[in-house]
Number of protein chains: 2
Amino acid sequence: MTQEQFAKYSFLLDRTARKVKQYAQQQFKQGDFDVTVDQWLVLKNLSEFGPMSQTELANLVFKDHPTLTRIIDLLSKKEYVKRVPHPQDRRSFQLHLTDSGVSKVTALRPKILQIREKAWENLNEEDFEEFKRILNTIYQNLGGQVMEE
Amino acid sequence: MTQEQFAKYSFLLDRTARKVKQYAQQQFKQGDFDVTVDQWLVLKNLSEFGPMSQTELANLVFKDHPTLTRIIDLLSKKEYVKRVPHPQDRRSFQLHLTDSGVSKVTALRPKILQIREKAWENLNEEDFEEFKRILNTIYQNLGGQVMEE
DNA sequence: TACAAATAATTAGTGTGACAAATATATGAA
DNA sequence: TTCATATATTTGTCACACTAATTATTTGTA
């Protein structure tokens with residue numbers, strides 16, 4: 001394996017990740033989902049794990065704080081999420097889905113699961129396991145923390 | 001394989017790609033390379049394949065035209081690249097590395113190859129082949145064109 | 001208690017990515 | 001030749017990623 005090969009794999013990885021995101025975003029747009037792929041990730045996690053602070057959410061979705069602040073700003077403006085002052089800690093907020101946010105998640109969830117499926121055609125269980133293992137190895141090589149299942 | 005799994009893999013892919021880019025960018029910054037990861041990709045390809053138009057280059061690095069225009073703007077400002085009017089076609093430019101651009105590529109190339117290696121520790125030849133195959137399958141599933149080696 | 005250090009969130013600045021629309025020029029068919 | 005169509009590049013707008021710095025508040029330690 002030459003060093004040049006490593007650079008090529010980095011390129012392939014980047015290109016594929018962009019394609020997956022772009023494809024999903026196009027479908028979101030076509031279906032008038034009124035959220036971006038990243039905004040969806042935030043809504044979905046709030047829905048699954050309940051109210052939490054921005055720091056907790058940032059760790060969950062692996063976005064940095066400034067990025068998350070802006071995503072929350074956008075979701076607040078759309079009134080899918082609201083910032084509720086934390087009762088004990090005046091520095092922080094609890095993020096809650098609004099009723100409208102809950103409905104949005106319910107409505108979009110099945111559609112998005114279907115969109116996500118497309119990328120994985122022509123691959124089997126073994127491929128998925130391999131892929132996950134390799135991605136996690138790379139992530140750890142660069143100092144990332146992998147969560148247990 | 002449940003639909004939820006597909007969403008998780010999409011997330012892992014995105015997260016890993018961002019990590020790889022972020023790691024490289026940090027190293028670039030630490031070494032005062034004076035270019036970003038994406039700017040480097042452009043310089044490297046111009047160095048390897050010689051002068052070409054922006055359209056050709058955009059196809060080579062899989063960036064869209066507006067994005068490439070802006071990257072070239074930055075590289076021009078830094079005087080690593082210059083736009084030379086195409087002799088026959090006044091709509092287009094030939095992109096040339098400047099002398100300073102050539103030196104930059106020569107100086108950075110070995111350092112960057114080394115940085116890229118880090119992500120791939122603890123993986124073997126078979127893993128790389130698998131990984132490439134899976135990435136390309138995904139890319140094709142979403143309508144992308146894969147190049148022959 | 002007092003005050004330095006840590007933490008939560010935001011702001012600012014730059015770069016990249018996607019998409020749509022605009023501009024300038026070239027090409028091909030009637 | 002002319003005019004519609006195609007091509008090369010740019011501009012504009014919004015969203016996201018990362019860094020650094022800032023603000024407000026809390027915590028830990030002397």
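Chain letters run A, B, ... following the sequence lines, proteins first and then strands; every chain starts at 1. Everything numeric here is computed off the predicted structure, so don't read it as measured data.
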Does [X] make a side-chain N or O approach to OP1 or OP2 of [N] shorter than 4.0 Å?
{"X": "Thr69(B)", "N": "dT10(D)", "result": "yes"}
{"X": "Thr55(B)", "N": "dT9(D)", "result": "yes"}
{"X": "Arg83(A)", "N": "dT10(C)", "result": "yes"}

**OP:** Please determine, for the side chain of Arg70(A), which listed nucleotide (dC18(D), dA15(D), dT9(D)) has the closest atom?
**Re:** dC18(D)
Subject >> Candidate nucleotides dT16(C), dT25(D), dA6(D), ranked by approach to the side chain of Arg91(B) - the nearest >> reply: dA6(D)
Calculate the interatomic distance between [X] atom [atom1] and [N] atom [atom2]; express it in whole Å.
{"X": "Glu56(B)", "N": "dA8(D)", "atom1": "CD", "atom2": "P", "value": "9 Å"}
{"X": "His65(A)", "N": "dC18(D)", "atom1": "NE2", "atom2": "P", "value": "12 Å"}
{"X": "Phe93(A)", "N": "dT7(C)", "atom1": "CZ", "atom2": "C1'", "value": "14 Å"}
{"X": "Leu75(A)", "N": "dC16(D)", "atom1": "CG", "atom2": "C1'", "value": "13 Å"}
{"X": "Asp89(A)", "N": "dA9(C)", "atom1": "CG", "atom2": "P", "value": "8 Å"}
{"X": "Ile72(A)", "N": "dA15(D)", "atom1": "CD1", "atom2": "P", "value": "14 Å"}
{"X": "Asp14(B)", "N": "dG17(C)", "atom1": "CG", "atom2": "P", "value": "13 Å"}

Within the 4.0 Å heavy-atom criterion, would you say [X] contacts the bases, only the backbone, or no part of the nucleic acid?
{"X": "Ser92(A)", "answer": "sugar-phosphate"}
{"X": "Leu68(A)", "answer": "nothing"}
{"X": "Leu74(B)", "answer": "sugar-phosphate"}
{"X": "Gln88(B)", "answer": "sugar-phosphate"}
{"X": "Asp64(A)", "answer": "base"}

Subject >> Spacing of CG belonging to Leu57(B) relative to CZ belonging to Phe93(B), to within rounding of 0.5 Å >> reply: 14.0 Å
**OP:** Please indicate whether Glu4(B) has more than 12 foreign heavy atoms, meaning atoms of other residues, nucleotides or ligands, lying under 6.0 Å from its CD.
**Re:** yes
**OP:** Please indicate whether Asn124(A) has more than 12 foreign heavy atoms, meaning atoms of other residues, nucleotides or ligands, lying under 6.0 Å from its CG.
**Re:** yes
Original post:
Does anything in residues 19-52 of chain A reach DNA chain C, meaning a heavy atom under 4.0 Å, and if so which residues?
Top reply: Gln22(A), Gln26(A)
**OP:** Kindly say whether, by distance alone, the side chain of Arg18(B) makes a donor-acceptor pair under 3.5 Å with the base of dG17(C)?
**Re:** no
Less than 3.5 Å apart, any donor N or O on the side chain of [X] or [Y] sitting next to an acceptor on the other?
{"X": "Ser92(B)", "Y": "Asp89(B)", "answer": "no"}
{"X": "Gln3(B)", "Y": "Gln114(A)", "answer": "no"}
{"X": "Arg83(A)", "Y": "Gln54(A)", "answer": "yes"}

**OP:** Determine whether the aromatic ring centres of Tyr9(B) and Trp120(A) lie less than 6.0 Å apart.
**Re:** yes
Original post:
Is Glu129(B) paired with Arg133(B) through a side-chain N to carboxylate O contact shorter than 4.0 Å?
Top reply: no
Subject >> Whichever of Lys63(A) and Arg90(A) has its nearest DNA chain D nucleotide further upstream toward 5' >> reply: Lys63(A)
